[in-house]
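Keep in mind it's a predicted model, so treat the numbers as computed, not measured. Residue numbers start from 1 in every chain, and the chains themselves are labelled A, B, ... in the order their sequence lines are given, proteins ahead of strands.
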Amino acid sequence: MTPVATPNDAVTAAASRLGVERGGLVGLVVAPGVAVGLATGRERLAIAVGCAPEELVRELDERFRPRWVTWSGDTAATLIRSGVRLATCWDVAAVHRLLFGGWKADPARVWAGTHGLPIDGLPSDGPPNLFSHRDLDAGELEAPVRHDGYLRPDWVQGGWAATAERTARWAEQALVVASGQGAKLAALRDRPRCGAVARSESTAELLCAELAHDGLPLDRAAAEQILGDLIGPRPASEADAAAGRARRDAAVFAHIPGGVDIDLRSPGQVKALFGRLGIDLPDTRAWRLRAMADEHPVIAAFLAWRKAERVATTYGYGWLDEHLADDGRLRGDWTGCDGAAGRMTASAGLHNMPADFRTAVIAEPGHVFVRADLGQIEPRVLAAVSADKSFAAASHADDMYAPVADELGVDRATAKVAVLGAMYGQTTGHGANAMRGLRATYPVAVAYLEAADRSARAGQDLRTYGGRRIPMGSPGGLPGVGGERRPGERELAGRAAARGRYGRNAMVQGAAAELFKMWAVTVRARAAAYDARIVLCLHDELLIQTPVAHGDAVAALVGDCLGEAARRWAPDGSVRFVADIVTISRWSDAKG
DNA sequence: TGCGGCTATTG
DNA sequence: CACAATAGCCGCAG
């Protein structure tokens, strides 16, 4: 009689062979239908038979809670589709973006980065070269690394998933990268929190995969009601849609004696039309038109047209059809950090949905939302990262601008403009005067911003408080600019100033993003005990759906998590961070 | 067909 | 109308 191996036995055996322990690094790759590759410093292992590989990963995660080393969020996405959600990870792509900046973080690039190999020497992913193959023995073909130190392109492009053994090797390579990244982070001695940030940026990738999979609850009937009020009922055909467009256009043309026939979607034609009516404008932006609304009734009609047109094209029925599934969830792609300062991004309108639609974001039956948003996060973050003691003292007020206004001897609105102007780089207009007061009162914080501004102007890379590199290599975009035209002195100065504004803002916005993600992953971890899940991240705001019975507990927990995250991110504790936390059934019920 | 400009939405 | 993002349509170059 042969004893049948239970999943439990398999897990124990695997854990024992690998030496899995709580918080220990374990390389993990998943090749669906092939194998799960696992690797530790002790051994590598491929699980291709026996119990379901995903089940084994789940068991290992729950029993030992290692820090899984992944190549990217794709691993988490694959596992989530199998019903497995990891607790924590070290995502080498996320850490690469932190260390090197920018967004590209494919395995070939990440490997080269940690090994100090030039990016422009990356082997091309063209067809295999027969001559080079002839010199390789079988062992080398099975090795993921070339003699010159780069990863083999065929492995990178999917070859890693060809066999069970290769998945184990690929997991091992990820572990090697993580180790190199750890060394690089340790070398950033003036960024003591970068290790903690690397871990939260990694786990944010797990959160992103979950957000993409789960989606945001959006009530279809409520959403279509809103649409109907703005642009009318769902068109039954293309002809119907065209008739609707013509009807909306006609409502604008009706205000023009004699009638016209222009394309309202063309700013140039609209500008010309207003010109014929005696209204001269440099452009047709809404704020400019709104100021001229008294001049002619067509302006108000046109602004209403713009609003409806916007909804019809971007947030109309097509938007719902494309992104809102039958289960009432609006789904988009999520990235843990953008290419600039490192904020999370989302597509499908999740980050820029018009506020009107928030009434359609309704908690599902038996659930409520806990909505929490950070108050005045950017000035508080500036106080922390610059270590300005006076500015930090101001953060102890619920409204930070009140003590700042007192110190500067100005009203609150002026104080706010001055602070925001300093962080965004505004140097002209109303903010300029208050700026001098700010420099006198909070010299450390202002010096921090101005140092960032100077570095950025000079084209020197920046690094945020948490260690994210802000590349300034070829800043401001405008690559090359075809032709012989050389930019004038004014234009060059303008571009340098833009780089300066970008740089000073990136240091604040980037640091705020680090704290926010640390908060988010802390909430994610703690809220799981209440069956609560984050359904939306919005730069300084979390929306969490939880069973009704746990609403109050989760609301309290979210506040605790902010304190915990703040202590982990900035252990000094001199800055107070605040959040407005409410338990609601519709997103729109939150007080704004 | 691709891309810069314009416009609008969000934080 | 500063800083960031996504996203659509227009107009123009190739």
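- A/Leu264 places its CG atom 14 Å from the C1' atom of B/dT7, with the value rounded to the nearest Å.
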**Message:** Pair A/Arg586, A/Asp589 - check salt bridge (Lys or Arg N to Asp or Glu O under 4.0 Å), show working.
**Reply:** CA-CA 5 Å; A/Arg586 290 175 188 249; A/Asp589 291 343; 5.1 Å; no
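- At whole-Å resolution of the value, NE2 in A/His539 and C1' in B/dT9 are 11 Å apart.
- Between A/Trp305 atom CH2 and B/dA8 atom P the separation is 10 Å, expressed in whole Å.
- In this structure, A/Arg265 does not reach the B/dA8 phosphate: none of its side-chain N or O atoms is under 4.0 Å from OP1 or OP2.
- Looking at A/Arg329 and A/Asp327, no side-chain N of the basic residue comes within less than 4.0 Å of a carboxylate O on the acidic one, giving no salt bridge.
- B/dC6 atom C1' lies 11 Å from atom CZ of A/Phe302, rounded to whole Å.
- Remark: of the listed residues A/Leu227, A/Asn352, A/Leu230, A/Asn352 is the sole one forming a side chain to side chain contact (heavy atoms under 4.5 Å, CB included) with A/Tyr315.
- No side-chain N or O of A/Glu407 forms a donor-acceptor pair with one of A/Ser390 less than 3.5 Å apart.
- Between A/Trp287 atom CH2 and B/dT7 atom P there is a gap of 11 Å when expressed in whole angstrom units.
- Applying the 6.0 Å contact sphere to CG of A/Asp333 captures no more than 12 heavy atoms from other residues, nucleotides or ligands.
- A/Gln269 has its CD atom 15 Å from the C1' atom of B/dG5, to the nearest Å.
- First and last contacts of DNA chain C with chain A, using any nucleotide atom under 4.0 Å from a protein heavy atom and ordered 5' to 3', fall at C/dC1 to C/dG11.
- A donor-acceptor pair shorter than 3.5 Å can be found between the side chains of A/Thr284 and A/Arg306.
- Among the atoms of the strands shown, only primed sugar atoms or phosphate atoms (P, OP1, OP2) are found under 4.0 Å from some heavy atom of A/Ala340.
- Between A/Leu230 atom CG and B/dA8 atom P there is a gap of 16 Å when expressed in whole angstrom units.
- Aromatic rings of A/His213 and A/Trp334 (six-membered ring for Trp) have centroids beyond the 6.0 Å cut-off, not under it.
- Across all strands shown, A/Ala286 has heavy atoms under 4.0 Å from sugar-phosphate atoms exclusively, and none from any base.
- Residues A/His323 and A/Arg288 each lie close to DNA chain C; by heavy-atom proximity, the contact nearer the 5' end of the strand is made by A/Arg288.
- Note on A/Met423: nothing from the nucleic acid sits closer than 4.0 angstrom, heavy atoms only.
- Atom pair A/Arg310:CZ and B/dC6:P shows a separation of 16 Å (rounding to whole Å applied).
- Each of A/His351 and A/Asp263 lies near DNA chain C, and the nucleotide nearest A/His351 is the one positioned closer to the 5' end.
- Taking every side-chain heavy atom of A/Pro267 into account, B/dT7 is the closest of B/dT7, B/dT9, B/dG11.
- Heavy atoms of A/Arg358 sit under 4.0 angstrom from primed sugar atoms or phosphate atoms, though from no base atom.
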